[in-house]
Amino acid sequence: MKHESDKLNEVKVLDSNITFEQIYKSEYFPIELEEELKKCDVLLIPTLVERNEDEHYVFPEQTMNFYDYAKGFLEKEHISADICISDKDYKEFELHSIVETIATIIVNNVAFPFTINMISSYLYEKITNRNNINKKIKVNFEVVDGKKAKKIAYEGDASSFKETMEAIKIFEE
Amino acid sequence: MNFINETMIEEYLSDFNELYLNKEVISKLKSYKEEYVNHNDQNTAKNIWILEQVYKVIAHYIKAFRYLKQKKHYEAWCELDRSDIELSFLYNHIDRTNDKFKLEFISQKTKDLQLLFPYTHFLSREAIVQNWKCSICGNSITLRNRCSHQLGEIYNGEMCCRIAQDMKFEAFAIVTDPFDKYSVLMLGNQEYNYAILDRLMEVWENPFENWRLEKNYVIKTEYLNLKRNDTCPCLSMKKYKKCCMDTPKVYDSNPFYKVIFNNKQIPKEYNENITAGTWKNN
Ligand SMILES: [Zn+2]
Ligand SMILES: [Zn+2]
């Protein structure tokens with residue numbers, strides 16, 4: 001029998017020490033776009049994969065569409081968002097998995113609730129358009145608040161994303 | 001049948017409930033579409049694209065049915081997958097509440113049939129892709145530089161997609177829940193067990209005849225014939241009634257399925273004694 005995926009909705013909050021400044025100094029940071037990117041409160045950042053002794057900075061498949069959506073949605077909220085890579089270095093890593101991975105996002109804490117709304121409406125449009133109500137997703141955030149930072153990892157049903165994310169407290173001492 | 005316009009084809013497709021589609025439909029639709037595109041009637045050209053997609057969804061679905069009748073299981077599996085993919089392209093462009101082409105029925109039957117297949121492991125391809133082209137205008141697409149065509153929209157009666165120009169295959173992985181369902185892992189020395197599907201196909205006469213699946217769970221052997229006050233077999237040292245009783249823990253996590261035909265007398269033994277393992281003879 002085909003097994004139905006029954007992984008529970010899971011969100012992890014971990015300590016992190018990432019900063020926007022570190023991203024600006026990273027090797028994939030496109031210097032020619034420095035001015036625009038440094039204004040952003042939301043940046044999509046690549047992940048490093050190693051395959052066959054090569055290293056690649058990659059984004060999950062469909063990131064180009066997600067980027068359009070994210071930029072458009074957040075602009076309406078007067079939040080600047082962009083993707084931290086030059087056009088020529090942009091690569092997608094295709095996994096052909098039923099789990100939809102969304103690009104890792106570094107976000108200023110003030111813009112975080114808007115980012116959650118943006119993703120949940122992105123998922124909603126995808127879900128209603130597609131034949132898949134039980135879509136599983138994976139999203140990683142780096143949330144920065146002044147000198148503090150947290151890594152947030154969500155894995156589970158697209159339909160539970162918003163509810164789960166809104167219930168967590170990130171910077172509660 | 002002699003089709004004289006797309007409205008006739010639309011009626012033909014919405015009434016269709018047979019085993020073979022009229023192949024003439026495809027060439028007719030193509031020539032009508034050309035004509036509308038020449039007159040720059042984008043709306044009608046798009047409606048013809050919809051009919052072409054409906055044709056493909058039905059064609060793959062009934063082909064899967066015919067393959068299943070011939071016990072060509074893997075071929076049927078691939079056709080069901082194709083049908084589902086073509087259907088997913090359509091969803092952005094049709095009103096799903098008015099199901100005049102029985103697409104919701106086909107989608108449901110496809111899901112039900114997929115559950116009855118014994119496949120558990122698939123090969124999944126990993127690749128790194130760079131450089132895309134627009135299928136409509138042929139221009140290359142980058143993050144910040146696009147043509148005006150929107151992915152998935154219909155232009156001149158064709159769907160806009162992105163064609164990857166530079167693809168590097170990196171690896172294959174074995175997965176249980178793949179996106180590409182055709183890459184079933186085949187093991188040389190083992191044969192898949194299709195007993196449930198074969199039994200269904202003895203009774204299922206027409207691809208548009210309905211049936212439904214009933215999901216059942218089997219009680220694990222250690223929980224059979226327990227009394228309420230017995231010690232629970234889960235090693236908690238508690239009484240059964242205070243522990244696992246009436247919880248999902250007593251059931252095997254893999255469901256088995258019964259096929260139910262609503263308006264049909266089928267032999268009593270039909271749903272009994274079906275071996276439901278993944279492999280034959282184990
Ligand atoms: Zn184009
Ligand atoms: Zn117990």
Side-chain angles (χ1 to χ4, degrees), chain A residues 1-7 30 32-33 36-37 44 46-47 49-69 71 82-101 103 125-136, chain B residues 84-85 87-93 96 103-104 107 110-111 114-120 122-132 141-146 150-152 162 164 166-171 173 175-181 183 193 196 215 253-257 276-278:
Chain A
M1 294 287 103
K2 189 176 176 295
H3 295 212
E4 282 165 292
S5 170
D6 54 8
K7 194 169 163 57
E32 67 277 17
L33 298 169
E36 290 101 304
L37 297 190
L44 311 187
T47 39
V49 295
E50 282 172 62
R51 287 292 183 282
N52 308 329
E53 293 167 15
D54 275 339
E55 288 186 335
H56 306 266
Y57 283 105
V58 295
F59 291 89
E61 47 199 309
Q62 303 295 331
T63 296
M64 213 189 266
N65 308 327
F66 176 64
Y67 165 65
D68 291 347
Y69 191 90
K71 218 172 139 74
D82 214 310
I83 183 166
C84 202
I85 200 90
S86 70
D87 282 25
K88 82 172 171 16
D89 290 336
Y90 177 76
K91 291 174 189 174
E92 286 184 7
F93 189 49
E94 289 193 344
L95 280 170
H96 284 256
S97 158
I98 205 91
V99 179
E100 184 114 4
T101 307
E125 288 180 27
K126 260 183 133 54
I127 290 167
T128 45
N129 285 344
R130 283 257 210 106
N131 181 16
N132 207 339
I133 337 162
N134 302 316
K135 191 89 187 163
K136 304 279 177 195
Chain B
D84 214 30
I85 290 168
L87 188 56
S88 73
F89 297 151
L90 254 178
Y91 277 148
N92 295 322
H93 304 288
R96 289 182 67 176
L103 299 176
E104 298 298 323
S107 169
T110 299
K111 286 200 193 81
Q114 284 170 338
L115 285 170
L116 297 178
F117 274 84
Y119 305 143
T120 50
F122 304 84
L123 281 177
S124 173
R125 186 198 62 194
E126 287 181 7
I128 290 174
V129 190
Q130 213 173 359
N131 301 325
W132 292 263
I141 295 161
T142 69
L143 264 179
R144 296 173 178 86
N145 235 319
R146 312 281 175 80
Q150 297 279 317
L151 187 68
R162 285 183 191 149
D166 185 1
M167 215 189 228
K168 251 171 91 179
F169 290 98
E170 295 292 336
V175 297
T176 52
D177 223 348
F179 191 78
D180 296 324
K181 290 198 178 65
S183 56
N193 177 358
I196 296 180
K215 197 173 184 179
S253 58
N254 297 328
F256 74 94
Y257 295 97
T278 296

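Each chain gets a letter, A, B and so on, in the order its sequence line appears, and its residues count up from 1.
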Item to complete: Specify whether Phe122(B) and Tyr119(B) have parallel, tilted or perpendicular ring planes, treating 30° as the upper limit for parallel and 60° as the lower limit for perpendicular.
Response: perpendicular

Ion pair [X]/[Y], N-O distance below 4.0 Å:
X	Y	answer
Asp84(B)	Lys111(B)	no
Lys136(A)	Glu100(A)	no
Asp166(B)	Lys91(A)	no

Worksheet item: What part of Tyr67(A) gets closer than 4.5 Å to chain B, counting heavy atoms only: side chain, backbone, both or neither?
Response: side chain

Response to the item:
Separation between NE2 (His56(A)) and CZ (Phe93(A)), nearest 0.5 Å, reads 8.5 Å

Worksheet, complete the sentence: If you tally heavy-atom pairs under 4.5 Å between each of Val58(A), Thr63(A), Asn65(A) and chain B, the highest tally belongs to Asn65(A)

Discussion item. Below 4.5 Å, heavy-atom pairs only: which of Lys88(A), Glu94(A), Lys71(A) has the largest tally toward chain B?
Written reply: Glu94(A)

Fill in: Heavy-atom proximity to chain A below 4.5 Å, by part of Val175(B)
neither

Discussion item. Please classify the contact of Leu151(B) with chain A as side chain, backbone, both or neither, using a heavy-atom distance under 4.5 Å.
Written reply: side chain

Worksheet item: Got a sec: does the CD of Gln150(B) have more than 12 other heavy atoms crowding it under 6.0 Å?
Response: no

Practice prompt. Name the member of Arg144(B), His93(B), Arg146(B), Arg125(B) that forms the most heavy-atom pairs with chain A at distances under 4.5 Å.
Written response: Arg144(B)

Worksheet, complete the sentence: Per-residue tally against chain A (heavy atom, under 4.5 Å) across Arg162(B), Lys168(B), Gln130(B) peaks at Gln130(B)

